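Quick caveat: nothing in here was measured; it's all calculated off a predicted structure.
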Amino acid sequence: MQFSPEAATGSPVESLGIWPTRRSEILDWLMHDTRNERFIDNILVDLCVRLRAAGIPVGRATMHFRTLHPQWLGARILWRTGLEEASISTFSYGVETTPQFLASPINEIFNGAAEVRQNLEKLDKAERPAYSVYEEMHAEGLTDYIAWPIYHTLGKRHIVTFAADIPGGFTQEHVSFLKDLLPALTLVSEIRLKNILARTLLRTYVGPHASEQILAGATTRGSGTTVGAAILICDLRDFTTISDMWPRDDVIDLLNGYFDAMSEPIEKHGGEILKFMGDGMLAIFPLSNPMACANLLQAISEAEAAVGALNEENGRRGREVLRYGVGVHVGDVMYGNIGSRTRLDFTVIGPAVNVASRLETLTKEVKRPVLLSKAFVDMAGCEIEMESLGAFPLKGLGEPVDVFAFATNGNSVARHKTQP
């Protein structure tokens, strides 16, 4: 196939295209000079400063994005004159059904409007304006408001708004200038949002540290490092029976409540949850943190209290009381990518992981909820608070392992501030 410049450009009139209607330094900056800025909120602030310097009276601007996040439905970036940084607010699932959202210009755009415009100087004093946010902006001294959708790939609709702060609001020339920025702002924002989504999804499914490793290029099978870590493996007891007895939604709710109770203390104290395995969980506390062992003990203490509170609530609702087993060990682990050629799992493997797993299984036999190896107890320096249960042969391991449990003359683990 031979390239034809005439076919590519069309007739002289067609070759002019329809965008941009006018070249500008701001448009060139958006298209060419934002490549080194990772965050869309910083780009929005810089854009508004440049607009004001160019004589466009933007006193307030927002961008609204729908996100893929386990907690947040969306986020709003807000800039006002005088702010050096934008304000970022997140919104939980369900906000889209609240009266505040339903009675907003943002909802109007999400429902298909191509533009929402409101003169804020001439709000009807005799009746309430269409949306309460117009009164709020008028009280701030803003005079004009305009909102547009910005369309990302496959029609995903997000929103940008601008408000003027001079008498008379935006002129038609101002509006045309701002509208000319939308295609560039769409491209710039979609790239940044995709970067955020990639990071969020990886953090959601593999954890914060593993996600950073993957984003940094650890995507080949076998790539990884050897790290020293305190290892925690936990598992629910009698979950198969619970699954058979209770409706699916109740089982999912029970399991999520249990994982919340166990996970939040682990993450709070610097642990990294590598995977959920049915009703089980694998987490590590890297020994690069000198307080790793103490932090793990504190996390178990808080998790135990949280599960206790959950069981009280489950009892009030006529649900099963949840029991669990936890195995704790310390040692070197291989931390990296394991799997098939096309499907990888970022996890830890090694003899130390096997010991923790066997200790968790042993909790069923000795009827103690948490078992710890002597190697961990020695490193944590917490033997005085422990009870030795003796040496146990563990499946697949050569020598018996000295096993400890929390002393039964008090709450399991309430007091671990000491240096390991």
Residues at least two apart in sequence or cross-chain that pass side-chain contact (heavy atoms from CB on, under 4.5 Å) with A184, listed by chain then number, are W19, L27, L30, M31
Q | Under 3.5 Å donor-acceptor, Q118 side chain and L120 backbone | A | no
Sequence neighbours excluded, the answer for side-chain hydrogen bond (donor to acceptor under 3.5 Å, both in side chains) partners of Y335 is H209, E272
What pairs of donor and acceptor atoms, side-chain ones from residues 245-254 against any protein atom, are under 3.5 angstrom apart with sequence neighbours left out?
from : atom 1 : to   : atom 2 : distance (Å)
D250 : OD1    : R319 : NH2    : 3.2
D253 : OD2    : R319 : NH1    : 2.8
D253 : OD2    : R319 : NH2    : 3.2

The complete set of salt bridge (charged side-chain N to carboxylate O under 4.0 Å, His left out) pairs with one or both residues in residues 335-350, sequence neighbours excluded, reads K275-D345
Quick one: does NZ or CZ of R66 land under 6.0 Å from the six-membered ring centre of F110, within 45 degrees of the ring axis? yes
Apply side chain to side chain contact (heavy atoms under 4.5 Å, CB included) to T226 and V333, showing your working.
CA-CA 6 Å; T226 298; V333 295; over 6 Å; no
Aromatic W29 / basic R50 pairing, under 6.0 angstrom, 45° off normal: yes
- Query: With side chains defined as the heavy atoms from C-beta onward, is the minimum distance between H329 and L372 less than 4.5 Å?
  - Reply: no
Residue pairs passing the salt bridge (charged side-chain N to carboxylate O under 4.0 Å, His left out) test with at least one member in residues 102-115, sequence neighbours excluded, are E115-K179
Quiz prompt | Polar contact flag, side-chain donor to acceptor under 3.5 angstrom, R237-Y324 | solution = no
side-chain contact (heavy atoms from CB on, under 4.5 Å) filter on F177, not counting sequence neighbours, yields R22, S24, I26, L51, I56, L181
Residues at least two apart in sequence or cross-chain that pass side-chain contact (heavy atoms from CB on, under 4.5 Å) with T90, listed by chain then number, are W72, A75
For residues 307-316, the salt bridge (charged side-chain N to carboxylate O under 4.0 Å, His left out) pairs (sequence neighbours left out) are E313-R316
Problem - is_close_aromatic(H64, H158), centroid dist under 6.0 Å - result: no
By side-chain hydrogen bond (donor to acceptor under 3.5 Å, both in side chains), N354 pairs with (sequence neighbours left out) none
Residues pairing under ring pair (Phe, Tyr, Trp, His ring centres under 6.0 Å) where one sits in residues 272-319, two or more places apart or in two chains, turn out to be F259-F276
Pairs under 3.5 angstrom only: tabulate donor-acceptor contacts from the side chains of residues 229-236 to other protein residues two or more places apart or in another chain.
none

Across all chains, not counting sequence neighbours, the side-chain contact (heavy atoms from CB on, under 4.5 Å) partners of E84 are none
